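Because the structure is predicted, anything quoted here is derived from the model rather than measured.
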Amino acid sequence: MSYIRMEHEHAVELLNRVTKRVESVIIGKKQEIQYVLTAMLSGGHVLLEDVPGTGKTMLVRAVASSLNCSMGRIQFTSDVMPADVTGTSMYHPHTSEFTFRPGPVMSNIVLADEINRASPRTQSALLEAMEERRITVDGITHALPRPFFLLATQNPLQFEGTYRLPEAQLDRFLMRIGLGYPEPEQEVELLTRVHSRELLDELRPVVLAEEVVAMQREIRHVHVDPVVKQYLVAVVVATRIHPAVRLGISPRGTLAWMAATQAYAYLQGRSYVIPDDVKEMALPVLAHRIGLKAQNRTEAFQGQEQVIQDALSSVPVPVQMTAQGRGRR
C-alpha cells in the first residue's frame, strides 16, 4: 500500500462524516462511536462488553460500512476451531500442492462476535493477529492487510456457555467499551426507526483504507508534553499501589493509554494532547487491565472503574505545560 499524506483538517472532516453516518443507525452513542474511531486511529482493538440486544454488532457493522475496507465476521461458538479463524492449507491432488485458503481474520475489519463463547484454544488463535498483525498457518507466516482492526463483542460472564478471557488476551485490547441501555427518549426514537437494518444497508463508505493508514501514521506526531507524560505515569503508579488491586497497569497499558490520547486529540482536531484527553481515555483503556484482589465477577466492571477513578483523583492534574504543548496546532 502506497503512503499518502493526510491533511489534518480533511481527516477530521472525514471522521466527523463517519460519526454522523454511524449515529444515523446507532442512536445516542456518539461518545462510544468516537471511542471506536479513536481505537482504530491508534491501531488498537476494541472489546464491546454488554448484555445482548444493546447494538454491539450493529455498531461494528455501521463503522465497517462507512469505511472502504474489507470486513470479516467470526460468529464464535464452542465448536469453532482455530483454523476457522485463521484459514487453512488446502491440498490439490491434481497439482500435488497446498494453497492457503484465508480465514475471516485476513480482513481489514474483523468482527469477533461473542468471543467469550469460543474455547480458550480458539480465542488464543487471535493473539498473534492482534499483537503482531500476522498469522502462522502450517509454519508459514501471512501478513494481515493494513489497516487491521479487530472488534470483539462479549456477553457478561454470568450468561451460560461463556469462557472467561485470560488477562493476557484482555491486555491486547486497547479499549473495553459498554454501550448500555438507551435513554427513554432515545428508545422512543429507535421505535420510529424500525427499518434501522435497511438504513445500515444504505450506508456508503466515506473513508478509504489508504486514508485510514495515513491517519494512523499522522497521530504518531501528535505532541505529548513531558508534563502530561509524567501525569500518565503518576496515575498508572497509583493503580499499582491501590489497596484493592492485585494486578496494576503494565507498561504496555501505559503505552496504549498515551497512544489513545494522541488519537483522541487528533480526532478532536488538535495536534497536541491536553489533560482532558488523558482523563477521557482513562476508563476505556485502563479499567479492563486491572486485576482485583477479591474479584467478584458480577461486580468486577464497577470495581475496576472505581480503581481508575480513585487513581485519577489522587494525582493532581497538570496546569502548566510547555509552550509547545499548549500551542501546537
Side-chain angles (χ1 to χ4, degrees), residues 1-19 30-46 131 133 146-149 171 173-175 177 207-239 249-287 289 308 311-329:
M1 180 183 296
S2 60
Y3 170 59
I4 63 173
R5 179 163 181 81
M6 198 73 176
E7 292 296 332
H8 194 177
E9 293 79 5
H10 180 53
V12 172
E13 179 186 352
L14 289 177
L15 293 168
N16 286 336
R17 289 173 62 186
V18 172
T19 301
K30 182 176 181 179
Q31 183 184 53
E32 288 77 8
I33 295 168
Q34 292 212 326
Y35 285 172
V36 169
L37 294 180
T38 297
M40 178 190 72
L41 291 174
S42 60
H45 310 291
V46 174
E131 186 68 16
R133 303 298 196 275
R146 298 180 62 198
F148 175 70
F149 184 32
D171 201 41
F173 286 99
L174 178 73
M175 295 187 189
I177 303 172
V207 180
L208 302 175
E210 295 85 351
E211 292 173 323
V212 174
V213 173
M215 293 178 197
Q216 290 175 338
R217 289 178 180 269
E218 293 299 322
I219 69 152
R220 301 173 189 172
H221 304 293
V222 173
H223 179 70
V224 184
D225 193 89
V227 174
V228 175
K229 292 179 181 178
Q230 292 171 6
Y231 178 51
L232 284 163
V233 173
V235 174
V236 165
V237 171
T239 69
I249 304 301
S250 68
R252 176 162 51 193
T254 310
L255 290 169
W257 191 16
M258 188 178 76
T261 64
Q262 291 175 291
Y264 188 75
Y266 185 90
L267 183 60
Q268 305 308 312
R270 281 181 280 101
S271 60
Y272 57 93
V273 173
I274 61 176
D276 284 347
D277 301 327
V278 174
K279 293 189 287 185
E280 183 71 29
M281 291 292 99
L283 288 179
V285 175
L286 300 181
R289 304 173 193 270
I308 302 303
L312 289 171
S313 300
S314 68
V315 178
V317 178
V319 295
Q320 292 185 345
M321 294 188 291
T322 64
Q324 185 184 37
R326 290 198 304 270
R328 281 172 55 108
R329 297 198 66 82

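- Expressed to the nearest 0.5 Å, how far OG1 of Thr38 lies from CG of Leu267 amounts to 5.0 Å.
- Between the Asp277 side chain and the Ile274 main chain, a donor and an acceptor come within less than 3.5 Å of each other.
- To the nearest 0.5 angstrom, Met215 atom CE is 11.5 Å from Glu210 atom CD.
- The nearest pair of heavy atoms linking Ala256 to Val285 is C-CG1, 4.2 Å.
- In this view, Gln31 and Tyr35, Glu280 satisfy the side chain to side chain donor-acceptor pair (under 3.5 Å) rule, not counting sequence neighbours.
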Exercise. Show the numbers, then the answer: is there a side chain to side chain contact (heavy atoms under 4.5 Å, CB included) between Arg133 and Arg146?
Key: CA-CA 9 Å; Arg133 303 298 196 275; Arg146 298 180 62 198; over 6 Å; no

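- Note: Arg270 CZ to His8 NE2 = 9.0 Å, rounded to the nearest 0.5 Å.
- A distance of 12.0 Å separates OG of Ser42 from CG of Leu255, quoted to the nearest 0.5 Å.
- The salt bridge (charged side-chain N to carboxylate O under 4.0 Å, His left out) check on Lys279 picks up Asp276, with sequence neighbours excluded.
- Residues Pro318 and Gln230 fail the side-chain proximity criterion, which asks for heavy atoms closer than 4.5 Å.
- With sequence neighbours excluded, the residues satisfying side chain to side chain donor-acceptor pair (under 3.5 Å) with Gln268 are Gln34.
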Practice problem: Applying side chain to side chain contact (heavy atoms under 4.5 Å, CB included), run through Val233 and Lys229 and close with a yes or a no. | Solution: CA-CA 6 Å; Val233 173; Lys229 292 179 181 178; 5.7 Å; no

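- Across all their heavy atoms, Val222 and Gln262 have their closest contact at O-NE2, 2.9 Å.
- Nearest heavy atoms, Ser314 versus Ala311: OG-O, 2.8 Å.
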Quiz item: After noting the C-alpha distance and the side-chain angles of Trp257 and Val236, does the key distance pass the side chain to side chain contact (heavy atoms under 4.5 Å, CB included) rule?
Solution: CA-CA 10 Å; Trp257 191 16; Val236 165; 3.9 Å; yes

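- The side chain to side chain donor-acceptor pair (under 3.5 Å) search around Arg252 returns Asp171, not counting sequence neighbours.
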Quiz item: Going through the distances and angles, do Thr261 and Val228 end up as a side chain to side chain contact (heavy atoms under 4.5 Å, CB included)?
Solution: CA-CA 10 Å; Thr261 64; Val228 175; 5.9 Å; no

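- Every residue was checked against the ring pair (Phe, Tyr, Trp, His ring centres under 6.0 Å) condition with Tyr231, not counting sequence neighbours, and none meets it.
- Remark: Tyr266 engages no residue in a side chain to side chain donor-acceptor pair (under 3.5 Å) (not counting sequence neighbours).
- Contact between Val315 and Ala238 at its shortest, heavy atoms only, is CG2-CB, 4.4 Å.
- Ring geometry for His45 against Phe149 counts as parallel: the plane angle stays under 30°, on a 0 to 90° scale with 60° as the upper cut.
- Residues Met175 and Ala260 come closest through the heavy atom pair CE-CB, 4.5 Å.
- Residues Leu286 and Gly253 approach most closely at CD2-O, 4.1 Å, considering heavy atoms.
- One distance of note links CG of Leu15 with CG of Leu37; it measures 6.0 Å at 0.5 Å rounding.
- To the nearest 0.5 Å, atom CG of residue Leu174 and atom CG of residue Leu41 are 11.0 Å apart.
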